[in-house]
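Notes to accompany the following structure.
If you're wondering where the values come from, they're calculated on a predicted model, not measured in any experiment. So you know, we letter chains A, B, ... as the sequences are listed, proteins then strands, and number each from 1.
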Amino acid sequence: MNFIIAGAVEAVKELYGQEIAENVINIQETRKEFEGQVTIVVFPIVRFSKKSPEETANDIGSFLQQNVAEVTGFNVVKGFLNLVIAESYWIDLFNNTLLQPDFLSIKPRGEKVMVEYSSPNTNKPLHLGHVRNNLLGYSVSELLKADGYEVIKVNLVNDRGIHICKSMLAWQNWGNGETPESSGLKGDHLVGKYYVLYDKKEKEELQNIISTYHEIGTTLSQFQKDKFGGAIGVLQTALDQNDPQALKRGFDIFASTVQNIINRFQSEENFDNIQEFVTLVNNSSFVSVAKMLQQWEQGDTEVVGLWEKMNGWVYEGFDVTYKKLGVDFDKYYYESNTYLLGKDTVEEGLAKGVFFKKEDGSVWIDLTADGLDQKLVLRADGTSVYITQDLGTAQMKYDDFGMDKSIYVVGNEQDYHFKVLFLILEKLGKSWAKGLYHLSYGMVDLPSGKMKSREGTVVDADDLVNEMVETAKQKTEELGKTNDFSEADKEDLYTTIGLGALKYFLLKVEPKKRLLFDPAESIDFQGNTGPFIQYTHARIKSLLSRADYHYAVADYSNIKLTPTELEMVMLLAKYPTEISEAAKAYSPAFIANYLYEVAKLFNKFYHETPPIIKEEDTAAKQHRLNLCKIAADVIKSGMGILGIKVPERM
RNA sequence: GCCUCCAUAGCUCAGCUGGAUAGAGCACCGGUUUUCUAAACCGUAGGUCACAGGUUCGAAUCCUGUUGGGGGUACCA
C-alpha cells in the first residue's frame with residue numbers, strides 16, 4: 001500500500017504546499033460497513049491543510065482519484081477517507097504475487113539467531129509447563145526461519161545439582177534396583193518417582209527428628225533446650241511453609257546448632273543423652289544428599305556411575321516425549337560441563353572494575369544505579385552461583401556460533417535474573433550483549449493453583465498428549481469420517497489432530513500471559529482451535545483433488561470478484577507481513593490468530609459459493625480454485641510455523 | 001517495603017506503533033445439508049475495557065495514582 005501513502009504525501013504537497021513525512025499518513029483497512037478497501041485517517045493532516053477534516057479528506061480523495069490510477073473512487077465519513085481501489089489492482093496482486101511460486105519462499109537475511117529452549121531438569125518428567133516452553137521455543141525457531149534467519153536450536157540440560165542427587169539417593173536407598181525395564185516405567189517417570197519419594201522421606205525424617213527432640217527434651221540442660229528449641233522451631237516453621245528453600249535454610253540453621261552443641265558438650269556427661277538424636281540428624285537424607293553432591297563434584301566413580309545410569313534413563317524418556325511433541329535441537333549443552341564456567345568472566349569483570357570484591361572474598365556487582373540491587377557473582381569460597389554459569393555459558397555459546405541474536409525461552413519467574421545477566425554482559429562491553437533477548441512466558445496454572453512436581457500436582461506431558469490423541473480418536477470416530485482409513489493412517493490422523501488441538505491451544509495465547517488449564521474441561525475441537533484450521537485445510541485439499549486442480553492463471557476478462565473473494569485476496573496477501581511482525585514480536589500467537597481468520601474466511605467463502613466443481617465457466621472455476629489453493633498453502637505454511645501438521649483428509 | 005507482569009462478555013482469548021458503533025470462540029437460544037467434508041455456515045443475546053484522574057480533535061491502547069492477582073527480591077537453579 002506504499003503507493004497510497006506516496007500519493008497522499010504528494011497530494012498534501014500539491015494541495016497545501018507542505019512537505020510531510022510518510023508516517024503522518026495513517027492508513028488502515030476500511031471497515032466492512034463502508035465502501036472501499038483502504039482508509040486514510042485525515043486528522044493528522046488537518047494541521048497541514050488548515051481545513052476541516054471533511055474538506056481535507058475530499059481534497060485528498062479527489063487528488064488521488066485523478067492522479068493515482070488504482071484509486072477509482074472515494075467517500076468521506078467524518079475524518080476518514082475511504083478509497084476504492086480498482087479491482088484490477090487486486091487481481092494483479094493475486095496473479096503476480098500470491099500465485100507466484102516464490103510467494104511462500106524464504107528470503108534469507110544472512111543473520112544467525114540462537115534459540116535456547118526446553119532446558120529440562122533431569123530429575124523428573126516433563127509437565128505442562130515444559131510443554132508450553134517446548135512448543136513456544138520450537139515455534140519461535142520456525143518463525144524466525146520463516147523470517148529469513150538461520151536458526152540454531154539449543155537445549156541446555158540441567159543435569160546436575162542437589163535436586164538430581166535427591167532422585168539418586170532415593171533410588172539408592174529405597175529403589176531395590178528397579179529399572180525402566182523391570183518396572184515398565186518410562187525412564188524419566190521412574191526417576192521422577194524417586195524424586196517425589198525423596199521429598200516424602202525427607203519430610204518424615206524431619207518430623208521424626210522433631211518428635212525425638214521432644215522425647216529427649218526433658219533430659220537436656222536448660223542451655224541445650226534454649227539452643228535446640230529455637231532451631232527446632234525454625235525447622236518446624238520451614239516444614240509448615242512447605243517451601244524447599246526455606247526448608248534448606250531451616251535445616252542449615254538447625255544442623256549448625258547441633259554441631260555447636262556437640263562441640264561444646266562432647267566431654268560432658270549428659271552428651272550420651274543426645275547421642276541418638278545427633279545420629280539421627282547426621283544420618284538424615286538432608287546430610288546424605290549434600291555429601292553425595294560433593295562426591296559427584298569430586299568425581300567419585302560410584303556416584304558418577306549412578307548419575308550416568310539414571311540420567312541415561314531420563315534422556316531416553318525425554319527423547320520419546322520430544323519426538324511425540326515434534327520438537328528437536330541442533331545442539332545440546334549440559335550443565336555438568338558448564339557449571340564451572342564463568343570464573344574467567346568474573347576475573348575479566350574484576351580487571352575491568354565492573355565487579356568488586358568484598359572483605360570475605362565474595363565478588364559482587366553494584367547495579368543500584370540501574371535501579372536493581374547488588375548481585376553476588378561469585379561466592380566467598382570461589383564457587384559459582386547460577387549467574388556465574390550463565391555468564392560463562394553465554395560467552396561459550398557466542399564463541400561456538402557467533403550468532404547475531406540469542407533468544408532464551410524461559411519462564412517469567414526469571415525475569416529479574418535475565419535482566420541482570422544481560423546488563424552485566426553489556427557492562428563487560430560484550431558487543432553481542434545487545435542481541436540477547438529473554439522470551440519470557442507466563443506460568444501454566446491449574447484451577448487448584450501452581451503445579452508442583454514434588455507434590456505430584458502436575459499435568460504430565462506424556463499423559464496429556466495421550467489424552468489429547470485419545471479424545472481426537474473419539475471425536476473423529478463419532479463423526480465416522482475415517483471408516484475407509486487404514487489403521488496406520490487412523491493412528492497418524494488422531495495424533496495429528498490431538499497434538500494440533502494441544503499446540504494451538506497453548507500457542508494462540510500471547511506468550512507473556514499466564515495460562516489457566518483446567519484438566520476437567522478438555523481442550524476444544526471446535527471454533528478457534530487447531531482442529532478447525534486443520535479441518536479447513538483438509539476440506540480445501542479434498543476439493544482440489546476432486547476438481548482435479550492444475551495450476552494456471554485464470555482469464556479475468558469476465559470475472560468480477562465477490563466481496564468475500566476480494567477480502568480473501570487482501571487477507572492472504574498479508575501473510576508475509578504477518579510473519580515478519582510475528583517474528584519481530586517473537587509471538588507465534590500472531591500467526592495462530594491470523595490463520596484462524598484465514599480459515600474462517602475460507603469457510604465463509606465455501607458456503608456462499610455455489611459448488612466450484614460444477615462451475616461451467618472455466619475461467620471462474622480456475623480463479624476460485626486458485627484462491628483455494630493459496631489459502632491451503634498459507635494454512636499449511638503457517639501451521640508449520642506453529643509446529644502443527646495439517647492432514648490431507650479428516 | 002521495593003521491582004516487575006497482568007486485569008476486556010458467564011468462561012477462554014483477539015484488539016499492531018492512539019482512530020469510526022470494542023471483536024472472535026465456547027456455553028445459551030434460533031436457523032442452514034436432494035449441490036464440492038455440518039470439526040462448517042448464518043442469526044439473537046451477552047460490555048461501566050478493574051477503578052479514578054490526566055494528555056488529545058480522538059484513549060481498551062499513552063502517563064500518574066488506587067484496588068485486586070501472578071512472579072521476583074543478594075550466595076536455589
Side-chain angles (χ1 to χ4, degrees), chain A residues 23 26 28 30-31 33-34 39 41-44 46-47 53 77-80 82 119 121 158 160-163 244-245 248-249 335 339 362-365 371-381 383-390 411-417 419-420 440 442-443 445 450 472 475-476 478-479 481 497 501 505 508-510 512-516 518 521 523-536 538-547 581 584-585 589-590 592-593 596-597 599-600 602-604 606-615 628 649-650:
Chain A
N23 62 19
N26 180 345
Q28 54 189 259
T30 302
R31 287 190 155 228
E33 56 267 40
F34 304 111
T39 294
V41 183
V42 299
F43 295 107
V46 171
R47 65 191 173 100
V77 181
K78 292 191 267 182
F80 298 88
N82 302 323
S119 307
N121 290 340
N158 188 341
R160 64 160 290 279
I162 197 84
H163 51 293
Q245 271 170 266
K248 184 180 182 312
R249 276 195 294 270
E335 245 187 65
Y339 80 107
S362 57
V363 182
W364 296 72
I365 184 166
L372 304 174
D373 302 310
Q374 290 199 354
K375 182 88 183 170
L376 177 88
V377 294
L378 198 68
R379 292 194 188 102
D381 63 6
T383 58
S384 306
V385 290
Y386 179 37
I387 200 146
T388 324
Q389 297 175 40
D390 263 9
N412 64 9
E413 76 275 15
Q414 295 198 33
D415 285 355
Y416 184 75
H417 171 75
K419 217 172 180 180
V420 171
S440 162
M443 296 290 94
D445 290 327
K450 249 186 123 164
K475 300 223 177 204
T476 309
E478 271 169 31
L479 294 170
K481 291 186 182 180
I497 296 174
F505 176 80
K508 77 170 176 190
V509 180
E510 201 53 36
K512 72 176 169 188
K513 291 210 175 179
R514 70 187 264 267
L515 206 62
L516 193 76
D518 189 347
E521 279 178 41
I523 293 173
D524 278 325
F525 284 67
Q526 283 166 357
N528 187 358
T529 65
F532 167 60
I533 298 171
Q534 290 174 319
Y535 167 76
T536 306
R539 198 178 211 190
I540 300 173
K541 290 317 276 274
S542 156
L543 171 59
L544 291 176
S545 85
R546 298 187 94 193
E581 277 174 13
K584 225 172 279 166
F590 282 31
N593 288 308
Y596 176 59
E597 303 251 317
K600 215 165 42 153
F602 173 83
N603 281 306
K604 181 182 173 179
Y606 185 88
H607 271 270
E608 69 183 27
T609 308
I612 297 169
I613 292 174
K614 296 183 181 159
E615 177 62 55
C628 294
R649 291 177 58 198
M650 72 181 269

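Taking atom C1' in both B:rG47 and B:rA24, one finds a spacing of 14 Å when rounded to whole Å. Straight-line distance between the P atoms of B:rA74 and B:rG65: roughly 25 Å, to the nearest whole Å. Comparing B:rU12 with B:rU4, their P atoms are spaced 27 Å from each other, to the whole Å. With both ends at atom C1', the span from B:rG58 to B:rG19 equals 7 Å, rounded to whole Å. Remark: the separation of the P atoms in B:rU37 and B:rG23 is 34 Å, to the nearest Å. Between the C1' atoms of B:rU21 and B:rU66, the separation comes to 31 Å (whole Å). Nucleotides B:rU55 and B:rG71 have their C1' atoms positioned 31 Å apart, rounded to a whole Å. Comparing B:rU32 with B:rA22, their P atoms are spaced 32 Å from each other, to the whole Å.
Residues satisfying the salt bridge (Lys or Arg N to Asp or Glu O under 4.0 Å) test with A:Arg539, not counting sequence neighbours, are none.
Here B:rC26 presents its P atom at 12 Å from NZ of A:Lys475, a figure rounded to the nearest Å.
In terms of heavy atoms, A:Thr536 sits closest to A:Ala599 at OG1-CB, 3.6 Å. The shortest heavy-atom contact between A:Pro53 and A:Gly79 is CB-CA, 4.0 Å. A:Asn412 and A:Gly442 make their closest contact through ND2-CA, 3.6 Å (heavy atoms, listed as atom of the first residue, atom of the second, distance).
Residue A:Arg546 is classed as a sugar-phosphate contact, given heavy-atom separations below 4.0 Å to backbone atoms only. Here A:Leu515 lies in heavy-atom contact (under 4.0 Å) with sugar-phosphate atoms only. Among the protein residues, A:Gln374 comes within range of the nucleic acid bases, having at least one heavy atom under 4.0 Å from a base atom. As judged by a 4.0 angstrom heavy-atom cut-off over every strand, A:Lys375 is placed among residues making no nucleic acid contact. Counting any heavy atom pair closer than 4.0 Å across all strands shown, A:Thr536 reaches no nucleic acid atom. Contact annotation for A:Phe532: backbone-only contact, meaning every heavy-atom pair under 4.0 Å involves sugar-phosphate atoms and none involves a base. The residue A:Leu372 sits apart from the nucleic acid: no heavy atom pair falls under 4.0 Å. Counting non-hydrogen atoms under 4.0 angstrom, A:Met443 reaches nothing in the nucleic acid.
Side-chain N or O atoms of A:Thr388 include one that pairs as donor or acceptor with a backbone N or O of A:Val377 at under 3.5 Å.
Here A:Phe525 and A:Tyr535 keep their ring centres 6.0 angstrom or further from each other.
Between A:Phe532 and A:Tyr596, the ring planes are perpendicular. Angles over 60° get that label, and only those under 30° would be called parallel.
Closest contact between the side chain of A:Leu479 and the listed nucleotides B:rA74, B:rG70, B:rA39 involves B:rA39. With B:rA39, B:rC36, B:rA77 as the choices, the nucleotide that has an atom nearest any side-chain atom of A:Met650 turns out to be B:rA39.
Nearest-nucleotide positions on RNA chain B for A:Ile613 and A:Gly371 put A:Gly371 closer to the 5' end.
One finds a side-chain N or O of A:Ser542 lying less than 4.0 angstrom from the OP1 or OP2 phosphate oxygen of B:rU37.
On a pure distance criterion of 3.5 Å, no polar donor-acceptor pair joins the side chain of A:Lys614 and the base of B:rU35.
The shortest distance between side-chain heavy atoms of A:Arg514 and A:Asp445 falls below 4.5 Å. In this structure, the side chains of A:Val42 and A:Phe80 stay at 4.5 Å or more apart for every pair of heavy atoms.
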Can you check each nucleotide of nucleotides 14-25 of chain B against protein heavy atoms at under 4.0 Å and return B for base, S for sugar-phosphate only, - for none, in 5' to 3' order?
S----BBS-SSS

Reading 5' to 3' and counting Watson-Crick or G-U wobble pairs with both distances under 3.5 Å, write the dot-bracket notation for RNA chain B, | for bases paired outside the strand.
(((((((..((((.....[...))))..((((.......))))......(((((..]....))))))))))))....

